[in-house]
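Counting starts at 1 for both ligands and their atoms, in listed order.
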Amino acid sequence: MEKLQQTIIEEGVALSDTVLKVDKFLNHQIDPQLMQEIGKEFVKRFKNKKITKIVTLESSGIAPAVMAGLILDVPVVFARKKKSLTLKDGLITSTVYSYTKQETNDISISKKFLSEDDHVLIIDDFLANGQAALALIDIVEKTNAKVTGIGIVIEKAFQDGGDILRSKGYQIESLARIKSLENETIEFINEKEYAK
Ligand code: 5GP
């Protein structure tokens, strides 16, 4: 997605060879216009698929997920990273190991928001090693709902997550695919190259 790539080049910072900071438009401050474009692009890429719900992970997945949910007119459910006082019972939980933070966390969704009749589009901000997406898939499948596909705003294609998820047969649509962050330079896999 051209506009997203351009924004990443202008506003993104390669913090190291593996971590990209995008807090100017996605991870802290949010660019609503860009989020709207992202929502439209996800809807376009999954246009022939049945989707009854969008599932994401708090907090940075919520903005792009809500934009897609608005267009599709379906609810958006975000998995929570911490248990809240009002969210105790009837939880479906999975475990995410974060390579960036080097810690393991449980994420949960209340059972009442997913059922076996649901067709779920999973959306997240980043795909790196795939742990977050795998945990979201695990939660959705524990409810016997179906995973329709996975929409990712930024895929770091030099890490394993994309290969792991595609080899399991899921349709993954990443709006920007990064080839490398080496030497503080952000290099993309261009979409034509990816289509080969
Ligand atoms: P994974 O589980 O695929 O290894 O990592 C995905 C999750 O880690 C995303 O939900 C995202 O929050 C975070 N993440 C992974 N890599 C990056 C990165 O380079 N930059 C930022 N801002 N977040 C990342």
A.B. asks: Could you list the atoms of ligand 1 found under 4.0 angstrom from a heavy atom of Asn129?
C.D. replies: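 That gives atoms 1 (P), 3 (O), 4 (O) of ligand 1.
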A.B. asks: Report yes if the side chains of Val76 and Ile62 come closer than 4.5 Å at any heavy-atom pair, otherwise no.
C.D. replies: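 Counting from C-beta outward, Val76 and Ile62 never come under 4.5 Å.
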A.B. asks: Kindly confirm or rule out an N or O of Gly130 lying under 3.5 angstrom from an N or O of ligand 1.
C.D. replies: yes
A.B. asks: Compare all side-chain heavy atoms of Ile54 with those of Phe42 and state whether any distance is below 4.5 angstrom.
C.D. replies: no
A.B. asks: Assess whether a salt bridge exists between Arg177 and Glu155, defined as any Lys/Arg side-chain N lying under 4.0 Å from an Asp/Glu carboxylate O.
C.D. replies: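 Salt bridge flag = yes for Glu155 with Arg177.
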A.B. asks: For ligand 1, which atoms, with element, lie under 4.0 Å from some heavy atom of Val19?
C.D. replies: 19 (O)
A.B. asks: Given side chains that start at C-beta, do those of Ile172 and Arg166 come closer than 4.5 Å, heavy atoms only?
C.D. replies: yes
A.B. asks: Identify the closest protein heavy atom to atom 17 (C) of ligand 1: which residue and atom is it, and at what distance?
C.D. replies: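 That would be Lys156 NZ, 3.4 Å.
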A.B. asks: For ligand 1, which atoms, with element, lie under 4.0 Å from some heavy atom of Asp124?
C.D. replies: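 Every atom of ligand 1 under 4.0 Å from some heavy atom of Asp124: 9 (C), 10 (O).
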A.B. asks: Can you name the one residue among Thr148, Asp118, Asp117 that meets side chain to side chain donor-acceptor pair (under 3.5 Å) with Thr52?
C.D. replies: Asp118
A.B. asks: Determine whether the side chain, the backbone, both or neither of Val22 has a heavy atom under 4.0 Å from any heavy atom of ligand 1.
C.D. replies: neither
A.B. asks: With a cut-off of 4.0 Å, which atoms of ligand 1 are near a heavy atom of Ala132?
C.D. replies: 2 (O)
A.B. asks: For atom 9 (C) of ligand 1, what's the nearest protein heavy atom and its distance?
C.D. replies: Asp125 OD1, 3.4 Å
A.B. asks: Is it the side chain (CB and beyond), the backbone, both or neither of Lys21 that lies under 4.0 Å from ligand 1, heavy atoms counted?
C.D. replies: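 For Lys21, no heavy atom sits under 4.0 Å from ligand 1.
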A.B. asks: Is it the case that one hydrophobic cluster holds both Val19 and Leu57, taking links as side-chain heavy atoms less than 4.5 Å apart, direct or via other members?
C.D. replies: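 Different clusters.
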A.B. asks: Of the protein's non-hydrogen atoms, which lies at the shortest distance from atom 13 (C) of ligand 1, and what is that distance?
C.D. replies: Phe126 CB, 4.3 Å
A.B. asks: With a 4.5 Å heavy-atom cut-off, do Lys81 and Ile107 have their side chains touching?
C.D. replies: yes
A.B. asks: Only one of Asp138, Leu136, Val140 forms a side chain to side chain contact (heavy atoms under 4.5 Å, CB included) with Ser94, so which one is it?
C.D. replies: Asp138
A.B. asks: Under 4.0 Å from ligand 1, counting heavy atoms only, is it the side chain of Asn27, its backbone, both or neither?
C.D. replies: side chain
A.B. asks: Using a 4.0 Å cutoff against the non-hydrogen atoms of Gln131, which atoms of ligand 1 qualify?
C.D. replies: 1 (P), 2 (O), 3 (O)
A.B. asks: Are any of the side-chain heavy atoms of Leu134 and Leu165 separated by less than 4.5 Å?
C.D. replies: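 The answer is yes, as the side chains (C-beta and beyond) meet within the 4.5 Å cut-off.
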A.B. asks: Does any N or O atom in Leu20 lie less than 3.5 angstrom from one in ligand 1, N or O only?
C.D. replies: yes
A.B. asks: Write out the residue and atom name of the closest protein heavy atom to atom 8 (O) of ligand 1, then the distance separating them to 0.1 Å.
C.D. replies: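 Result: Thr100 OG1, 4.5 Å.
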A.B. asks: Does any part of the side chain of Gln131, heavy atoms only, come nearer than 4.5 Å to the side chain of Thr95, both counted from C-beta?
C.D. replies: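 Counting from C-beta outward, Thr95 and Gln131 never come under 4.5 Å.
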A.B. asks: Hey, which atoms in ligand 1 end up nearer than 4.0 Å to a heavy atom of Thr18?
C.D. replies: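 Numbered from 1, ligand 1 contributes 19 (O).
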A.B. asks: With nothing but distance in play, are any N or O atoms of Ala128 less than 3.5 Å from an N or O of ligand 1?
C.D. replies: yes
